[in-house]
Amino acid sequence: RDVLMKVLNSIPAKGFEVKISRVKKAGIDCCDFAVLLDKDHENHDHDMEYLYGKTENCGRNHEHTHQEGHHEHIHHEENTGHSHEEFPEHIHDEETHEHSHNHTHHHEHRGMKEIREILSACVMTERARALALKIFEVLARAEAKAHGVSLEEVHFHEVGAIDSIVDIVAEAVCLDNLDITKVIVLRLCEGTGSVRCQHGILPVPVPAVANIIEAYGLPVQFSDTKGELITPTGAAIVAAMEPSYSLPERFTIQKIGMGAGKRAYERPSILRAMLIKEKTEEKDTIYKLESNIDDCSGEALGYVMEELLKAGARDVHYIPVYMKKN
């Protein structure tokens with residue numbers, strides 16, 4: 001935690017606070033990593049009524065995580081048509097701009113240039129910085145493809161929002177600090193239906209997620225859960241880690257991490273990560289080397305036998321072979 005917080009405290013941006021605590025999800029003790037935003041940066045990312053509307057959200061078992069003063073700064077507004085996040089500068093047209101800007105909140109329009117500057121200023125290892133940049137680039141490419149613009153022209157909330165910046169930097173720092181060199185993700189589980197975002201109401205998975213799944217060949221499985229279970233940031237993190245998709249035949253579990261999600265769905269919002277070690281059987285292995293040698297005298301082969309035994313061979317033998325020319 002000390003290593004992580006040192007890096008997060010060095011992020012040259014304002015409007016956020018990080019709180020790490022323990023919460024209960026369906027009675028299970030989980031770690032809650034919360035990025036608390038001030039009123040000028042708050043968004044609707046955890047507001048189920050905003051994301052899915054009253055109808056789909058009725059009767060849901062809401063799992064509140066604001067315990068012991070923990071407040072997510074969720075701002076409820078009915079049918080505003082957008083969240084308090086920076087809108088992409090290239091998306092302001094009649095088709096998607098279904099509302100007027102009446103808000104005085106200031107939001108930074110960050111793109112890849114600004115992201116690189118932020119990462120350069122963070123006090124982190126070069127390996128962690130490289131991974132964080134890789135995640136941002138995966139995300140930016142997906143959004144650029146979705147909006148039909150170049151990588152450097154992308155200005156949008158997923159790359160620029162401070163909570164996404166904190167999430168991605170934290171992921172890179174933790175993987176680096178734990179010295180994780182191989183990651184296994186069996187599959188990504190996505191929900192169904194639609195979700196409201198700053199562009200309007202979009203089908204699940206949203207375009208950026210679909211683009212990442214396509215570009216990196218991520219295995220995905222759709223569930224019956226109504227809602228968005230894979231965010232663009234989450235998909236970009238998985239893609240950047242270049243995971244394998246199968247577990248070892250036998251392994252032991254060294255550590256288990258249980259992370260609490262912020263959105264409330266029918267099933268508990270929990271992410272479990274396990275640090276595993278492959279379990280291999282100790283076997284006495286012997287390698288057998290064979291070769292056909294053409295036109296060689298017995299004296300030469302006798303010398304070769306002596307040299308092979310000196311080199312550690314368990315046994316050596318040679319057999320004469322007579323072919324068509326005798």
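Just so you know, these numbers use all the heavy atoms, side chains as well, and skip hydrogens, waters and symmetry mates.
Between Lys134 and Glu242 there is a salt bridge, with a side-chain nitrogen of the basic residue lying less than 4.0 Å from a carboxylate oxygen of the acidic one. Between Lys226 and Glu266 there is no salt bridge, since no side-chain N of the basic residue sits under 4.0 Å from a carboxylate O of the acidic one. Comment: Lys310 does not engage Glu306 in a salt bridge, judged by the lack of any side-chain N to carboxylate O separation of less than 4.0 angstrom. Between Glu228 and Arg263, at least one side-chain nitrogen of the basic residue sits less than 4.0 Å from a carboxylate oxygen of the acidic one, meeting the salt-bridge criterion.
Within a 6.0 Å radius of CG in Asp29, more than 12 heavy atoms belonging to other residues, nucleotides or ligands are found.
Under a hydrophobic-cluster definition in which Ile, Leu, Val, Met, Phe, Trp and Tyr are linked whenever side-chain heavy atoms come within less than 4.5 Å, directly or via other members, Val3 and Leu275 are assigned to the same cluster.
There is a side-chain donor-acceptor pair under 3.5 Å between Asp176 and Thr125. Between the side chains of Glu153 and Ser150, at least one donor N or O lies within less than 3.5 Å of an accepting N or O.
Applying the 4.5 Å side-chain rule to ILVMFWY residues, one finds that Tyr287 remains a lone member of its cluster. Applying the under-4.5 Å side-chain rule to Ile, Leu, Val, Met, Phe, Trp and Tyr, the cluster around Tyr303 consists of that residue alone.
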Just distance, no hydrogens or angles: give the donor-acceptor pairs under 3.5 Å from side chains in residues 318-326, sequence neighbours left out.
none

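For Thr252, the side chain to side chain donor-acceptor pair (under 3.5 Å) partners two or more places apart in sequence, or in a different chain, are Gln254. With sequence neighbours left out, the side chain to side chain contact (heavy atoms under 4.5 Å, CB included) criterion links Leu186 to Ile184, Leu247. With sequence neighbours excluded, the residues that form a side chain to side chain donor-acceptor pair (under 3.5 Å) with Asp179 are Arg127.
In this structure, Ser10 contributes its side chain and Val123 its backbone to a donor-acceptor pair below 3.5 Å. The backbone N or O of Met5 sits less than 3.5 Å from a side-chain atom of Asn9, completing a donor-acceptor pair. Of the possible donor and acceptor atoms, one in the side chain of Glu190 sits under 3.5 Å from a partner among the backbone N and O of Ile230.
Put simply, CZ on Arg187 and SG on Cys189 are 5.0 Å apart, with the number rounded to the nearest 0.5 Å.
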